[in-house]
Amino acid sequence: MEIPVKVLKIADGIKTMRIRGAGKIARAAAEALKIAALEYSGSRDEKSFKRYMARVADLLISTRPTAVSLPNAVYYVMYRLLTTEDRFDELRNTVIRATEQFIQESIDAVRKIGEIGAKRIPDNAVVLTHCHSTAAVSVITTAYRMGKIRKVYSTETRPFFQGRITMRHLLEAGVPAVQIPDSAVRYIMHEVDQVVVGADTIASNGAVVNKVGTSQVALAAHEARIRVFVAAETYKFSPSTAIGELVPIEFRSPEEIVPKEWMEKYKGIEVLNPSFDVTPPEYIDAIITELGVIPPQAAILVLLDRFGWALSKLKQGELGKIVFEETLEE
Amino acid sequence: MSSFEEALARNGYSIGLTSSEYTLEFIEYLAKNTATTRNYKDLAILFKNAVRKLELERPASAQVYNLLRDIGLIISEGAEDQVDFETTKNNIIDALDIWRNRVIKECEETAVIASHRLVNGDVVLTHSRSICVLKTIENAMKQGKRLEFYVPESRPGMEGLATAIKLNEMGFKVRLIVDSAVRFFMKNITKVLVGAEAVAVNGAVVSKVGTSLISLIANEARVRVFVVAPTSKFSIETLFGELVELPEGDWRRLMTPDILAKLPENYRARVPIYDVTPPNYIDGIATEHGLFAPQALPVILKEIYGSWPPKAPSIEEVLEKIDSIIG
């Protein structure tokens with residue numbers, strides 16, 4: 001049976017970055033799997049349904065090869081499907097339940113991270129955050145409601161100025177926030193009590209891949225003996241790094257930094273725009289997940305707990321990723 | 001301004017004067033206003049205004065403090081020794097001429113010395129915009145050295161863009177990056193070269209904000225950091241325990257009002273202009289007298305002033321003497 005149009009639309013949305021942000025991508029993928037299961041009208045036998053879902057899973061994963069939340073959402077659902085032996089109706093229900101559960105857990109995660117992280121913020125704290133992270137903002141605003149936050153410094157975060165989004169969220173929640181340029185991080189660090197940032201991907205050794213600049217914020221904090229907390233949902237942990245895969249760093253368009261006309265006029269100047277950098281685990285004091293606080297070096301614990309099945313599959317494969325259609329052939 | 005420069009300006013692109021350029025402009029300001037003075041009182045008022053102007057515009061500029069100290073002493077000593085006014089006036093004009101040449105000459109001599117530290121194949125990161133750094137690179141080019149550059153935007157102001165353009169015109173391979181990407185690229189870099197607004201007596205360097213972060217990152221990666229700073233940028237004030245005053249700006253340094261209008265009403269920004277790089281992150285300060293460890297600054301000051309501590313009054317002391325002229 002053909003993959004439903006609604007599913008293809010979501011896949012396209014993820015591919016073209018109309019759907020963006022790790023959490024939104026993961027929930028969109030889960031939603032797409034749910035729709036695929038609901039709209040399945042092929043032969044009502046167990047094997048055909050599994051094969052069909054495997055094709056949908058592979059399609060979704062292929063849309064953003066570097067995203068981590070996306071395959072993790074798919075693993076979450078497919079693990080439950082592939083390890084269930086039952087009648088077709090039950091299998092379909094398994095998929096629908098798993099997708100709904102994933103979406104709910106993902107939404108709850110931000111709130112839980114906020115509650116857990118806020119406890120770690122000392123009283124009367126000045127917090128510094130980089131870029132915009134829903135999880136980090138959740139920690140800060142929760143701590144603010146507990147009366148713990150005196151002030152927040154938010155970096156502009158060039159080239160895209162995500163710091164302005166952070167400012168909006170913080171100010172709307174009543175948090176006294178002040179913007180600084182990215183270059184002023186070390187200058188301001190002596191006033192800061194705590195650094196809280198989000199994460200894009202967490203590697204199996206506890207290294208944190210996040211918006212470029214995070215690693216130098218963490219370095220400046222480390223120099224000043226200021227603690228650095230990373231707020232991250234468990235679906236940010238990357239199973240493929242456990243088998244030695246590197247996290248690819250995307251270079252985005254130079255036009256985010258200077259206008260096209262500028263580049264045309266100064267053709268000889270190469271404008272480089274890496275999106276992310278890697279903060280080594282030794283500069284991170286704790287990662288706050290919805291399951292609890294863990295030291296970064298214990299990241300593998302989360303991976304085994306949440307994606308143990310995917311890890312064992314990845315170890316068998318050679319591509320560093322799971323191809324679900326092939327998995328079925330075994 | 002072309003349309004794309006306007007687009008950049010909306011998000012804070014605004015090329016300010018370098019430290020040396022500001023000093024040269026200040027010399028012209030003093031020359032112009034000295035010409036219209038008629039007596040010691042006029043000179044005293046001019047001097048007080050000049051100190052106020054500096055405190056308002058660029059309180060971190062050690063070079064202009066040093067310039068003003070020289071001029072203030074000519075005025076106060078002239079009045080004290082009852083030197084004829086016209087003679088004193090001419091002495092000031094002469095002193096300004098000497099300073100005009102000194103700023104350029106010291107910068108050039110410093111650049112020659114600093115250029116010797118660059119070697120063929122170096123990949124250099126330089127921050128913001130500095131005349132003495134550009135002269136250093138010109139010298140290295142004349143010596144036939146093959147160099148490549150990384151330049152951060154250097155917000156606020158984004159003077160890095162102007163530096164990138166200049167280096168590219170000189171024929172070098174240049175890569176422009178955002179300030180946040182310095183640590184990402186540090187593994188590709190072999191040397192960091194920066195200018196200075198002031199050098200404190202302990203060897204700490206006041207420079208464009210971001211310099212201290214870059215130096216920290218370089219230190220972590222064991223990349224050497226060199227500062228190009230003629231001795232006229234050494235802050236005598238810090239010898240007397242003064243801190244170099246670091247001015248800050250607000251949102252105006254980051255955007256135009258139309259961008260601000262789209263942000264929340266209570267949006268607030270703190271925009272430091274300079275920061276302080278501690279001496280332990282600096283491998284060498286190049287001066288016209290040679291290249292030395294930042295902590296060796298007292299040795300050089302002794303060389304220049306002939307004694308330690310230098311027999312130079314603080315600007316406050318000069319101001320007191322000037323006040324007594326006005327009476």
Side-chain angles (χ1 to χ4, degrees), chain A residues 130-131 153-161 164 167-172 176-189 211-220 222-223 249 254 256-279, chain B residues 2-5 7-8 11-12 127 150-156 161 164-165 167-169 171-186 208-217 220 246 251 253-255 259 262-272 274-277:
Chain A
H130 182 59
C131 195
Y153 286 114
S154 147
T155 55
E156 284 192 294
T157 320
R158 282 283 289 156
F160 227 75
F161 297 115
R164 293 178 184 169
M167 287 292 285
R168 186 177 296 283
H169 284 290
L170 291 175
L171 292 171
E172 273 170 8
V178 179
Q179 192 113 80
I180 56 165
D182 304 319
S183 54
V185 162
R186 189 178 178 276
Y187 175 98
I188 220 85
M189 195 57 80
K211 174 57 60 187
V212 71
T214 305
S215 80
Q216 52 192 58
V217 170
L219 171 65
H222 185 75
E223 181 203 25
I249 304 283
E256 290 182 356
I257 299 179
V258 286
K260 204 165 115 208
E261 295 84 352
W262 192 92
M263 278 186 295
E264 277 163 9
K265 187 165 176 192
Y266 307 110
K267 280 196 181 67
I269 300 173
E270 194 180 356
V271 182
L272 296 176
N273 185 17
S275 269
F276 305 107
D277 67 13
V278 183
T279 304
Chain B
S2 59
S3 63
F4 67 81
E5 278 175 332
L8 281 167
N11 278 310
H127 188 53
Y150 279 84
V151 186
E153 288 186 310
S154 317
R155 281 175 78 77
L161 269 64
I165 292 167
L167 292 172
N168 183 237
E169 280 169 4
F172 291 111
K173 167 90 201 143
V174 183
R175 297 175 183 91
L176 180 74
I177 60 174
V178 293
D179 299 314
S180 276
V182 169
R183 189 172 179 277
F184 183 92
F185 288 109
M186 191 51 81
K208 178 67 187 280
V209 68
T211 305
S212 81
L213 183 59
I214 292 169
S215 304
L216 168 68
I217 295 164
E220 182 204 24
L246 300 179
W251 62 270
R253 300 221 179 225
L254 304 177
M255 66 191 82
I259 299 277
K262 289 187 212 148
L263 295 171
E265 213 179 322
N266 42 353
Y267 178 92
R268 215 162 70 75
R270 252 183 88 179
V271 186
Y274 308 103
D275 66 14
V276 182
T277 303

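So that the names make sense, note that chain A is the first sequence line, chain B the second, and so on, each numbered from 1.
Both the backbone and the side chain of B/Ala164 have a heavy atom closer than 4.5 Å to some heavy atom of chain A. Heavy atoms closer than 4.5 Å to chain A are found nowhere in B/Phe172, neither backbone nor side chain. In this structure, chain A has heavy atoms under 4.5 Å from both the backbone and the side chain of B/Leu161. Only the backbone of B/Lys262 comes within contact range of chain A, judged by heavy atoms closer than 4.5 Å. Proximity to chain B is limited to the side chain of A/Lys265, based on heavy atoms less than 4.5 angstrom apart.
Here B/Ile217 is the residue among B/Ile217, B/Leu246, B/Val276, B/Ile177 with the most heavy-atom pairs under 4.5 Å with chain A. Most heavy-atom pairs under 4.5 Å with chain A, from the set B/Val182, B/Leu213, B/Leu216: that is B/Leu216. Interface check for chain B: of the options A/Asp277, A/Val271, A/Leu272, the most heavy-atom pairs under 4.5 Å are formed by A/Leu272.
B/Pro264 approaches A/Leu171 most closely through the heavy-atom pair CB-CD1, 3.8 Å. When all heavy atoms are compared, the tightest approach of A/Val212 to B/Ser180 is O-CB, 3.5 Å. In terms of heavy-atom proximity, A/Val278 sits nearest to B/Arg183 at O-NH1, 3.4 Å.
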**Message:** Quick one, A/Glu261 with B/Glu5, criterion side chain to side chain contact (heavy atoms under 4.5 Å, CB included). Give me CA distance, side-chain angles, the key distance, then yes/no.
**Reply:** CA-CA 9 Å; A/Glu261 295 84 352; B/Glu5 278 175 332; over 6 Å; no

**Request:** Check step by step if side chain to side chain contact (heavy atoms under 4.5 Å, CB included) holds for A/Tyr266 and B/Leu176.
**Result:** CA-CA 11 Å; A/Tyr266 307 110; B/Leu176 180 74; over 6 Å; no

**Prompt:** Is there a side chain to side chain contact (heavy atoms under 4.5 Å, CB included) between B/Arg270 and A/Tyr153 once you walk through the steps?
**Reply:** CA-CA 9 Å; B/Arg270 252 183 88 179; A/Tyr153 286 114; 2.7 Å; yes

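Put simply, the side chain of A/Pro181 reaches to within 4.5 Å of the side chain of B/Val271, judged on heavy atoms. Using a 4.5 Å cut-off on side-chain heavy atoms (C-beta onward), B/Leu254 and A/Glu156 make contact. Taking the side chain as every heavy atom from C-beta outward, B/Glu153 and A/Ile257 approach each other to under 4.5 Å. Residues A/Ile249 and B/Phe184 form a side-chain contact, since some pair of their non-hydrogen atoms from C-beta on lies under 4.5 Å apart. Using a 4.5 Å cut-off on side-chain heavy atoms (C-beta onward), B/Val178 and A/Phe160 make no contact.
Between atom CG of residue A/Asp182 and atom CG of residue B/Asp179 there is a gap of 6.5 Å, rounded to the nearest 0.5 Å. Atom OG of B/Ser212 and atom CE of A/Met189 lie 10.5 Å apart (nearest 0.5 Å). For the atom pair CZ (A/Phe161) and CD1 (B/Ile259), the distance works out to 7.5 Å, reported to the nearest 0.5 Å. A/Arg186 contributes atom CZ, which lies 7.0 Å from atom CG of B/Asp275 (distance to the nearest 0.5 angstrom). For the atom pair B/Met186 CE and A/Gln216 CD, the distance stands at 8.5 Å (nearest 0.5 Å). Going from atom CD1 of A/Ile180 over to atom CZ of B/Arg268 covers 12.0 Å, rounded to the nearest 0.5 Å.
Residue A/Glu264 places its CD atom among more than 12 non-hydrogen atoms of other residues, nucleotides or ligands, all under 6.0 Å distant.
Residues B/Tyr267 and A/Arg164 have side chains that never bring a donor and an acceptor to within less than 3.5 angstrom of each other.
Formation of a donor-acceptor pair under 3.5 Å by the A/Ser183 side chain with backbone atoms of B/Ser154 is not found in this model.
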